[in-house]
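Each remark here refers to the structure printed beneath this line.
Here is the naming used below: chain letters follow the sequence lines, and residue numbers restart at 1 for every chain. Just so it is clear, the values below take in all heavy atoms, side chains as well, and ignore hydrogens, waters and symmetry mates.
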Amino acid sequence: MANSSVDLDGLGALRRTHACGDVRADAVGEEVVLCGWVHSSRDHGGVIFVDLRDRTGIVQVVFKPDTSPDAHGKGELLRSEFVVAVRGRVDRRSDETVNAAMPTGEIEVMVDELRLLNAATPPPFAIEEEAGAEESVRLRHRLHDLRRPPLQSALAIRHRLYQSVRAILTEGGFLEIETPTLGKATPEGARDYLVPSRLQPGEFYALPQSPQIMKQLLMVAGFDRYFQIARCFRDEDLRADRQPEFTQIDLEMSFVGVDEVLEVLEELLVRSFREAAGVELPRPFPRLCYDEAMARYGSDKPDTRIQLELVELTEVFRESEFRAFRGAVESGGIVKCLPIHDAKELSRGQIDKLESFVRKELGAKGLGWVRVTDDGGWQSPIAKFLSDDERARISEATSARPGSVLFFQADAADRANAILTRLRTDLGERLGRVDGREWAPLFLVDFPLFVIEDGQFTYAHQPFVAPLDEDLPKLESDPLAVRGTHYDVILNGVELGSGSLRNHRSDVQRRILEVLGYSKEEAEDRFGFLLNALDAGAPPHGGFAFGYDRMVMLLVGADSLRDVVAFPKTQRGQDLLMGAPSRVEPGQLKELGLRPARKDEPRRDS
RNA sequence: GGGGCGGUAGUUCAAUUGGUUAGAGCACUGGCCUGUCACGCCAGAAGUUGCGGGUUCGAGUCCCGUCCGCCCCGCCA
């Protein structure tokens with residue numbers, strides 16, 4: 001019981017005149033009323049100094065026995081995080097006592113009256129800029145963590161971003177329209193969160209993975225320009241940049257082509273970053289096509305600030321005697337290289353660590369490497385397998401020179417690229433091979449419409465993406481060569497958002513579903529309502545969706561979504577503060593027609 | 001589902017090869033102190049070493065299992 005030992009006061013008629021961080025020299029001489037939390041207190045026996053904190057900042061308030069014996073007496077009871085209101089006079093500090101490190105350091109408040117509004121348990125960690133505690137501790141004590149300046153500031157920026165987005169899109173003629181949270185389960189894409197229906201026992205709603213179909217329906221309904229700051233849900237495993245519930249800026253517009261959508265997208269991003277956080281993104285955003293991104297960076301979300309690039313060597317090894325590499329090529333894979341020049345600082349020990357890292361964590365078969373010595377020789381575990389011609393061609397392709405280190409991957413294309421792109425970013429950052437730009441936005445365009453997965457065509461993004469007009473004739477004859485109208489927005493190597501034009505003609509949409517392997521009946525069964533909607537007079541339309549949480553994460557420089565969401569989930573999808581998910585009363589289940597699969601075991605709560 | 005790192009006082013960490021009563025900083029509690037802002041000084045309290053089992057004369061330390069947090073692969077756009 002935190003407050004059993006002290007007598008509390010009511011707030012009474014006392015009302016704030018200033019926020020703590022707003023009391024400055026211009027208020028000297030005024031009587032002010034401040035409310036907040038005791039950040040720290042220094043009791044000198046006589047005079048007591050208390051740093052009073054609210055979300056605007058910290059101000060020093062002073063209790064003196066000869067100014068107000070009553071307030072001073074109560075001031076001795078103050079402890080960290082107690083909630084108080086003080087009434088007092090703003091004094092200019094003497095020259096020797098000015099604290100230049102504090103924005104309010106020129107003044108202090110001489111307290112005449114203290115009201116102790118609430119006591120508080122001692123904080124589990126200091127309420128400071130630097131966390132100083134493990135994340136599990138921070139998550140369990142989320143309220144204290146949220147009092148820390150980085151989270152206060154992140155949520156304030158998050159707020160400004162909402163306001164800015166709404167203003168910009170409203171100005172652009174977009175209508176904000178809400179779509180249902182209780183929707184229909186779809187077999188495609190991510191796992192759905194299901195909600196049992198009480199009124200239709202045995203049936204389930206699904207929480208939306210995105211409002212994709214609903215916004216297309218809104219276009220058919222003639223709303224022309226729609227947006228929504230939508231909560232989305234996906235029941236997949238978490239990552240630092242993936243929470244099971246997240247927020248998207250969702251947007252759709254009619255009678256436009258790709259360029260018009262990208263124009264809106266760029267404008268929205270540039271203005272909202274400026275208005276929310278004073279960040280200036282360089283315009284125009286460069287466009288990079290998918291094939292080039294994969295070739296040069298091995299990734300469809302490259303951080304182009306890192307200057308290292310990959311080199312394609314597949315053809316060099318097609319006929320090679322080096323069986324490990326040739327084998328990868330023969331089974332349809334690729335050989336690629338990440339050359340790093342002037343890399344003498346990379347020690348043999350570090351290279352060994354990299355090898356074990358890519359093996360263990362990324363599933364690499366190995367890590368071939370070559371170090372070019374001062375005399376031009378090759379120090380390398382694989383050099384002995386390479387012919388002189390191969391060495392010459394590698395040198396040529398990678399511009400290898402004394403001091404260069406080359407890393408090789410020979411594997412299926414997606415894995416080789418995934419491994420090398422990871423090495424590229426890790427080593428690029430570690431070795432400082434960056435171009436100095438703070439912000440590197442870009443559009444990634446010309447994605448393929450389909451990809452092959454387990455020998456079956458599947459959509460690269462989602463099944464409603466419209467193909468490029470000129471590729472339409474190849475839809476049946478050469479599906480993999482069909483490019484989509486899909487685009488991604490990449491910022492600093494993070495995929496912020498994506499979109500496309502959608503199929504507004506049901507005949508094109510049906511042909512695509514057919515390529516995807518749906519029979520006519522299946523297509524009708526699963527997508528009939530959409531196909532019917534298209535037939536009801538769908539306008540050409542397209543749009544995009546932005547990962548809102550990721551935008552805030554980049555804006556505030558956080559490494560994790562957990563630092564830009566007020567109440568995030570852990571990697572196992574739990575809310576450690578509330579204790580969710582949790583068991584429910586048997587009666588609730590019965591009402592829903594549900595029965596748990598397993599007998600209840602006492603669940604450990606910690 | 002898989003790989004990796006971690007879990008010792010409220011908190012951040014320490015504890016030799018397996019060896020006495022598991023220590024320190026900060027925080028906390030009590031006392032002293034009228035200009036501090038990392039206040040200072042004195043004293044004190046604080047632990048099921050995540051949990052369970054095993055090996056051993058003896059386990060924070062070794063072994064097995066399990067729970068929890070984080071990073072990554074798979075999964076996810």
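- Whole-Å rounding puts the A/Asp66 CG to B/G35 C1' distance at 12 Å.
- Of the listed nucleotides (B/G69, B/C37, B/U34), B/C37 has the atom at the smallest distance from the side chain of A/Asp51.
- The distance from atom CZ of A/Arg42 to atom C1' of B/A27 is 16 Å, rounded to the nearest whole Å.
- Side-chain atoms of A/Thr56 and A/Asp22 form no donor-acceptor pair, as typed in the model, at a separation below 3.5 Å.
- The interatomic distance linking A/Leu238 (CG) with B/C71 (P) rounds to 9 Å, in whole Å.
- Comparing B/A15 with B/A9, their P atoms sit 15 Å apart, to the nearest whole Å.
- Note on A/Thr97: a base of the nucleic acid sits closer than 4.0 angstrom, heavy atoms only.
- The residue A/Ala418 sits apart from the nucleic acid: no heavy atom pair falls under 4.0 Å.
- Residue side chain A/Arg138 does not reach the base of B/C70 through any donor-acceptor N/O pair under 3.5 Å, judged by distance alone.
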(request) Would you please test A/Arg502 and A/Ser500 for side chain to side chain donor-acceptor pair (under 3.5 Å) and show each step? (result) CA-CA 6 Å; A/Arg502 331 294 183 186; A/Ser500 70; 2.8 Å; yes
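- Note on A/Arg359: every side-chain N or O is 4.0 Å or more away from OP1 and OP2 of B/G3.
- Comparing the same atom, P, in B/G40 and in B/G3 gives a spacing of 49 Å after rounding to whole Å.
- Base pairing annotation: B/A14 forms no Watson-Crick or G-U wobble pair, as no partner gives both donor-acceptor distances under 3.5 Å.
- Rounding to the nearest 0.5 Å gives a distance of 11.5 Å between CD of A/Gln571 and CG of A/Leu139.
- Between the C1' atoms of B/U56 and B/C62, the separation comes to 10 Å (whole Å).
- In this structure, the nucleotide among B/C37, B/A77, B/C71 sitting nearest to the side chain of A/Ala240 is B/C71.
- Among the protein residues, A/Arg562 comes within range of the sugar-phosphate backbone only, with heavy atoms under 4.0 Å from sugar or phosphate atoms but none that close to a base.
- At a threshold of 4.0 angstrom between heavy atoms, the contacts of A/Glu96 with the nucleic acid are absent.
- Residue A/Thr570 has a polar side-chain atom (N or O) positioned under 4.0 Å from OP1 or OP2 of B/G69.
- Proximity of A/Gln209 to the phosphate of B/C76: no side-chain N or O atom is located under 4.0 Å from OP1 or OP2.
- OP1 or OP2 of B/C75 has not a single side-chain nitrogen or oxygen of A/Arg191 nearer than 4.0 Å.
- Between B/G4 and B/A77, the two C1' atoms lie 26 Å apart (nearest whole Å).
- As rounded to the nearest Å, B/C76 and B/U11 have C1' atoms that lie 36 Å from one another.
- Side-chain atoms of A/His72 and A/Asp70 form no donor-acceptor pair, as typed in the model, at a separation below 3.5 Å.
- To the nearest 0.5 angstrom, A/Arg234 atom CZ is 6.0 Å from A/Ser210 atom OG.
- Contact annotation for A/Gly189: backbone-only contact, meaning every heavy-atom pair under 4.0 Å involves sugar-phosphate atoms and none involves a base.
- Nucleic acid contact class of A/Ser210 (heavy atoms, under 4.0 Å, all strands): none.
- The separation of B/C26 from B/A43, taken at their P atoms, amounts to 14 Å, rounded to a whole angstrom.
- Nearest-nucleotide positions on RNA chain B place A/Val137 closer to the 5' end than the other of A/Val137 and A/Arg422.
- Pair check for B/C75 finds none; no Watson-Crick or G-U wobble contact set falls under 3.5 Å.
- Checking the phosphate oxygens (OP1, OP2) of B/C28, a side-chain nitrogen or oxygen of A/Ser80 falls inside 4.0 Å.
- B/A43 is paired with B/U29 under the Watson-Crick or G-U wobble criterion, all donor-acceptor distances under 3.5 Å.
- Rounded to an integer number of Å, the gap from CG of A/Asp192 to P of B/C76 is 12 Å.
- Between the CZ atom of A/Phe49 and the P atom of B/C39 there is a distance of 12 Å, given to the nearest Å.
- In terms of phosphate contacts, A/Arg79 brings a side-chain nitrogen or oxygen within less than 4.0 Å of OP1 or OP2 of B/U29.
- Spacing between B/C71 and B/G10 at atom P, rounded to whole Å, works out to 26 Å.
- Among the atoms of the strands shown, only primed sugar atoms or phosphate atoms (P, OP1, OP2) are found under 4.0 Å from some heavy atom of A/Gly132.
- In this structure, B/G6 forms a base pair with B/C68, meeting either the Watson-Crick or the G-U wobble geometry with both donor-acceptor distances under 3.5 Å.
- A donor-acceptor pair shorter than 3.5 Å can be found between the side chains of A/Gln228 and A/Tyr226.
- Going from atom CZ of A/Arg148 over to atom CD1 of A/Ile127 covers 8.0 Å, rounded to the nearest 0.5 Å.
- Note: CZ (A/Phe63) to P (B/U34) measures 17 Å, nearest angstrom.
- Interface residues of residues 18-25 of chain A facing RNA chain B, ordered by number: none; criterion, heavy-atom separation under 4.0 Å.
- What you find for A/Leu207 and A/Asp192 is that their closest heavy atoms are O-OD1, 4.2 Å.
- Partners of A/Ser94 under the side chain to side chain contact (heavy atoms under 4.5 Å, CB included) rule, at least two apart in sequence or in another chain, are A/Glu96, A/Thr97.
- Heavy atoms of A/Glu108 sit under 4.0 angstrom from at least one base atom.
- Considering only side-chain N and O atoms, A/Gln574 lies under 4.0 angstrom from the phosphate OP1 or OP2 of B/G69.
- Across the protein-nucleic acid pair, A/Glu130 atom CD and B/C26 atom P stand 19 Å apart, rounded to whole Å.
- Of the residues A/Val84, A/Ile58, A/Val83, A/Asn118, the one that meets the side chain to side chain contact (heavy atoms under 4.5 Å, CB included) test with A/Trp37 is A/Val83.
- At a threshold of 4.0 angstrom between heavy atoms, the contacts of A/Asp488 with the nucleic acid are absent.
- Ring-plane geometry between A/Phe447 and A/His461 is classed as perpendicular, the angle between the planes exceeding 60 degrees on a 0 to 90 degree scale with a lower cut at 30.
- Checking B/C37, B/C75, B/C72 against the side-chain heavy atoms of A/Glu236 singles out B/C75 as nearest.
- The same atom, P, is picked in B/U55 and in B/U61; the two are 15 Å apart, to the nearest Å.
- If you measure from atom OH of A/Tyr290 to atom C1' of B/A77, you get 13 Å, rounded to the nearest angstrom.
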